[in-house]
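Positions are given from 1 along the sequence. Every heavy atom of this structure was used, including side-chain atoms; hydrogens, water molecules and symmetry mates were not.
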Amino acid sequence: MRHDTESCLKKFKVATIGNKKNIAALDSAIPENETIFYIAPATVRFFIPNQTVKLQAVGAIAFTPNNCYVMNMLNLAEPQIYPLNSLMSVDHSASGLMASLFELVFFDGTIFKFDGCRQRDLAAELQQQIKSTITLRK
């Protein structure tokens, strides 16, 4: 695994038990010239405009300064890539012992939600990092 991936896993206290394959697949799919600032196993729920069907991807999610990558464990060949310059907002909420629920809204109306960090301070830090990336892109 890449050095930036390993440091993210330690920094955000990500449990990799049972998820190393998903993380490794996503890690290897991200170009070397992009620095990963968050990577973790995740279940991502997609809400796409003008569709009543909700999509779900169980696998891993990663953020770089340019893109958000979502790897579905059913298709480890190619991650879905969402440019952060098309991200309109990011929010997170936490309730007790549960992981923080992040919600990302894109300009085209696509919304996706994923479970993030368990520690509130780390979740707030991740939200701030994503927001600062959005601000830099505008």
Side-chain angles (χ1 to χ4, degrees):
M1 259 190 261
R2 296 164 30 160
H3 175 69
D4 53 351
T5 298
E6 290 176 0
S7 66
C8 289
L9 295 173
K10 288 178 188 172
K11 177 181 178 178
F12 289 101
K13 301 175 183 171
V14 175
T16 58
I17 298 170
N19 293 299
K20 283 192 178 197
K21 182 179 177 183
N22 297 337
I23 292 172
L26 185 54
D27 173 74
S28 65
I30 297 172
E32 287 291 327
N33 63 345
E34 291 199 60
T35 304
I36 299 169
F37 65 80
Y38 180 78
I39 189 166
T43 299
V44 181
R45 292 167 293 285
F46 298 88
F47 303 91
I48 299 172
N50 303 323
Q51 290 187 11
T52 56
V53 178
K54 292 182 231 173
L55 305 173
Q56 185 166 310
V58 178
I61 190 166
F63 288 93
T64 69
N66 299 320
N67 297 305
C68 172
Y69 294 86
V70 178
M71 180 69 81
N72 188 339
M73 69 185 248
L74 299 176
N75 178 17
L76 293 176
E78 291 286 324
Q80 293 172 290
I81 302 170
Y82 297 90
L84 289 183
N85 62 359
S86 65
L87 184 61
M88 188 167 55
S89 69
V90 59
D91 197 15
H92 87 279
S93 60
S95 59
L97 300 174
M98 298 299 292
S100 295
L101 179 66
F102 282 83
E103 179 179 273
L104 285 76
V105 180
F106 292 85
F107 284 115
D108 68 357
T110 300
I111 299 171
F112 71 82
K113 299 178 180 186
F114 69 95
D115 298 326
C117 317
R118 294 204 183 281
Q119 291 86 2
R120 287 184 187 196
D121 57 335
L122 293 176
E125 183 180 336
L126 175 59
Q127 180 186 16
Q128 188 56 43
Q129 221 168 350
I130 296 169
K131 278 185 176 181
S132 67
T133 301
I134 296 169
T135 306
L136 291 173
R137 295 256 161 233
K138 288 185 178 177

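- Rounding to the nearest 0.5 Å gives a distance of 14.0 Å between CG of Leu84 and NZ of Lys131.
- A tilted orientation is assigned to the rings of Phe112 and Tyr82, their planes being inclined by 30° to 60°.
- No donor-acceptor pair under 3.5 Å is formed between the side chain of Asn67 and the backbone N or O of Tyr69.
- Distance check, rounded to the nearest 0.5 Å: OG1 of Thr35 to CG of Asp4 gives 6.0 Å.
- The shortest non-hydrogen separation linking Phe102 to Ala123 is CZ-O, 3.4 Å.
- Salt-bridge annotation for Asp27 and Lys20: absent, with no side-chain N of the basic residue lying under 4.0 Å from a carboxylate O of the acidic one.
- Both Phe37 and Phe12 are members of a single hydrophobic cluster when ILVMFWY side chains are connected at heavy-atom separations under 4.5 Å.
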* Take Asp108 and Thr110, measure what side-chain hydrogen bond (donor to acceptor under 3.5 Å, both in side chains) needs, and give me the verdict at the end. => CA-CA 6 Å; Asp108 68 357; Thr110 300; 2.9 Å; yes
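- By the criterion of side-chain heavy atoms lying less than 4.5 angstrom apart, applied directly or through intervening Ile, Leu, Val, Met, Phe, Trp or Tyr residues, Val90 is grouped together with Ile81 in one hydrophobic cluster.
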* Going through the distances and angles, do Val14 and Asn19 end up as a side-chain contact (heavy atoms from CB on, under 4.5 Å)? -> CA-CA 10 Å; Val14 175; Asn19 293 299; over 6 Å; no
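- When side chains are defined from C-beta on, Ile23 counts as touching Leu9, because their heavy atoms get closer than 4.5 Å.
- Between Phe114 and Val70, the closest side-chain pair of non-hydrogen atoms is not below 4.5 Å.
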* Arg2 and Ile30: side-chain contact (heavy atoms from CB on, under 4.5 Å), yes or no, with the steps? -> CA-CA 10 Å; Arg2 296 164 30 160; Ile30 297 172; 3.8 Å; yes
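- Ring geometry for Phe63 against Tyr38 counts as tilted: the plane angle lies between 30° and 60°, on a 0 to 90° scale.
- Remark: the backbone N or O of Glu103 is not paired with any side-chain donor or acceptor of Asp91 at under 3.5 angstrom.
- When all heavy atoms of Phe47 and Lys113 are compared, the closest pair comes out as CE1-CD, 3.8 Å.
- Under the 4.5 Å side-chain heavy-atom criterion for Ile, Leu, Val, Met, Phe, Trp and Tyr, Leu26 and Phe46 are members of the same hydrophobic cluster.
- Interatomic distance, CE of Met1 versus NE2 of His3, reported as 13.5 Å (0.5 Å rounding).
- The shortest distance between side-chain heavy atoms of Leu87 and Ile130 falls below 4.5 Å.
- Between Cys68 atom SG and Leu104 atom CG the span is 6.0 Å, to the nearest 0.5 Å.
- The CG atom of Asp115 sits 10.0 Å away from the CD1 atom of Ile61 when rounded to the nearest 0.5 Å.
- Taking every heavy atom of both residues into account, Met71 and Asn22 meet most closely at CG-O, 4.5 Å.
- Pairing each heavy atom of Ala124 with each of His92, the nearest pair is CA-CE1, 3.8 Å.
- Annotation: the span from Asn72 atom CG to Glu78 atom CD amounts to 12.5 Å, rounded to 0.5 Å.
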